[in-house]
Amino acid sequence: MIHVRDLWFCLIVINVFIKVHSLDNGLALTPPMGWMHWQRFRCITDCEKFPNECISEELFMRTADVMAAEGYADAGYEYIIIDDCWMEKARGEDGRLIADRKRFPSGIKALSDYIHAKGLKFGIYEDYGTYTCAGYPGVIGYMDIDAQTFAEWDVDYVKLDGCYADIEDMDSGYPEFGRLLNATGRPMVYSCSWPVYQEYQGKMPNYEALKEHCNLWRNWGDIDDSWDSVTSITDYFAENQDRIQPHAAPGHWNDPDMLILGNFGLSYDQSKAQMAIWAILAAPLLMSADMATISPDIKGILQNKDVIAVNQDPLGIQGIRVSKEKNIEIWTRPITPVYDGNHSYAVAFVSRRTDGAPYSISSIVSEMGLKNKNGYTVTDLFDKTVQARVVEPSHSFNVRVNPSGVKFFKFTAKP
Ligand SMILES: *[C@@H]1O[C@H](CO)[C@@H](O)[C@H](O)[C@H]1NC(C)=O
Ligand SMILES: *[C@@H]1O[C@H](CO)[C@@H](O)[C@H](O)[C@H]1NC(C)=O
């Protein structure tokens, strides 16, 4: 293991000294929050058989209603984003994209207006390639007209996927589409899938270019509805943190993909664990669940203000995994308030264990990288019944973590 004590110091110094040109559209100064259909609803297009699940204007209007009425918008979730499978298979005679006529009878502009009237923002999906992943028309050959169309539809967020495209062309193609979005004059968050296609094919992505052209980017594979899928992504983020962590900052973020809690695959404990790690990673918080059927327990996790505040911390420093011993991982993230150069921290203890009983571990505070001489006031971010306690760097900190669960704390630096 690297010397954790020095690791945070190095990463923070690197952040200060790498001065790059980054995308300056004034957007995504904290990680975007919202809802995207893909993980839960995929490419369901048969509205007769699956009226409540098919990709249709109904689905997005219904979701916008719940987001506005049930506290999600107040908690910070604002973008409602259509993923793949919204189009007709062919462009119009004028070359323009057309929404599926049966499933979006009112058209995309009307849907965008509906979502805006709810006080929310509207996002859409396309693909830098000849086809989208599901075989609908991609932007190649039509980039200008597509950027223009999105602006006319009052789109606020564009996800550009990378199926049916040459990974070598992406280094010029993604920036080109970004320039065309910018040229419309409408600020749109630009989410790029550019690096994941390169990583998968063994090409090292150019993160300096990503920061210059994209507000966020997908680093690794799609998330599925299971704990295995969540941990395969968090392992990727931990194993590659030295080279990807320094690139996250206000305006440009690494994206481990959607939140899957609220679906079929995660237990209550696993749901808290995904939420905590996504907060540590400064990840976009894009829910992908049937919002009408979410249980009060899961809703409580999704709307936990203290956990969201960690995710949205204004410093925008992405957290890292500082240790993994006996299958308990410790993740930390420097956050505000900062006194005399000493950060507060969010700290998550995540169990990868499967033996039934909760597991007890004890860690010296300074060995987790927390060295404020005056110590910290520690609060439990999920369990409000736990009393705040004060710890010093030399103290050992004891936690008991459920199997595949999490304990999540804020260590507020004492001035
Ligand atoms: C376009 O780019 C310029 C230069 O980076 C920036 O100042 C401006 O805000 C951008 N406009 C939009 C609409 O993104
Ligand atoms: C804050 O950090 C600086 C630099 O590491 C250190 O000199 C100072 O003593 C720290 N202050 C406290 C209260 O720990």
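Keep in mind it's a predicted model, so treat the numbers as computed, not measured. Only this structure's heavy atoms are used, side chains among them; waters, hydrogens and symmetry mates stay out. The residues of the chain are indexed from 1 along the displayed sequence. For ligands, and for the atoms within them, numbers begin at 1 and follow the listed sequence.
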Check step by step if side chain to side chain donor-acceptor pair (under 3.5 Å) holds for Lys211 and His252.
-> CA-CA 6 Å; Lys211 280 186 283 198; His252 44 95; 5.5 Å; no
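- Taking only nitrogen or oxygen atoms, main chain and side chain alike, Tyr339 does not reach within less than 3.5 Å of ligand 2.
- Donor-acceptor pairing under 3.5 Å is recorded for the side chains of Asn25 and Asn215.
- Heavy atoms of other residues, nucleotides or ligands lying less than 6.0 angstrom from CD of Glu239 number more than 12.
- Remark: ligand 1 atoms within the under-4.0 Å shell around heavy atoms of Pro187 are 13 (C).
- The number of heavy atoms from other shown groups lying within 6.0 Å of NZ (Lys305) does not exceed 12.
- When hydrogens are left out, the protein atom nearest atom 12 (C) of ligand 1 is Asn182 ND2, 3.3 Å; that is the closest non-hydrogen contact.
- Protein heavy atoms all stay at least 4.0 Å away from atom 4 (C) of ligand 1.
- Note on ring orientation: taking the six-membered ring where Trp is involved, the planes of Trp194 and His213 are tilted (angle from 30° to 60°).
- Scanning the protein heavy atoms around atom 13 (C) of ligand 2, the nearest turns out to be Asn372 OD1, 3.2 Å.
- Nearest protein neighbour of atom 14 (O) of ligand 2, counting heavy atoms only, is Lys373 N, 2.6 Å.
- Annotation for Tyr236: atom OH counts as buried by contact number, over 12 foreign heavy atoms lying within 6.0 Å.
- Nearest non-hydrogen protein atom to atom 6 (C) of ligand 1 is Asp24 O, 3.2 Å.
- Of all atoms in ligand 1, listed by their number and element, those nearer than 4.0 Å to a heavy atom of Asn25 are 14 (O).
- Distances below 4.0 Å separate heavy atoms of Asn342 from the following atoms of ligand 2: 1 (C), 2 (O), 3 (C), 10 (C), 11 (N), 12 (C), 14 (O).
- Here His37 and Phe60 bring their ring centres to under 6.0 angstrom of each other.
- Using a 4.0 Å heavy-atom cutoff, Gly185 is listed among the residues neighbouring ligand 1.
- Counting heavy atoms closer than 4.0 Å to ligand 1, residue Arg186 contributes backbone atoms (N, CA, C, O) but none from C-beta onward.
- The CD1 atom of Ile364 lies 12.5 Å from the CD atom of Glu392; values are rounded to the nearest 0.5 Å.
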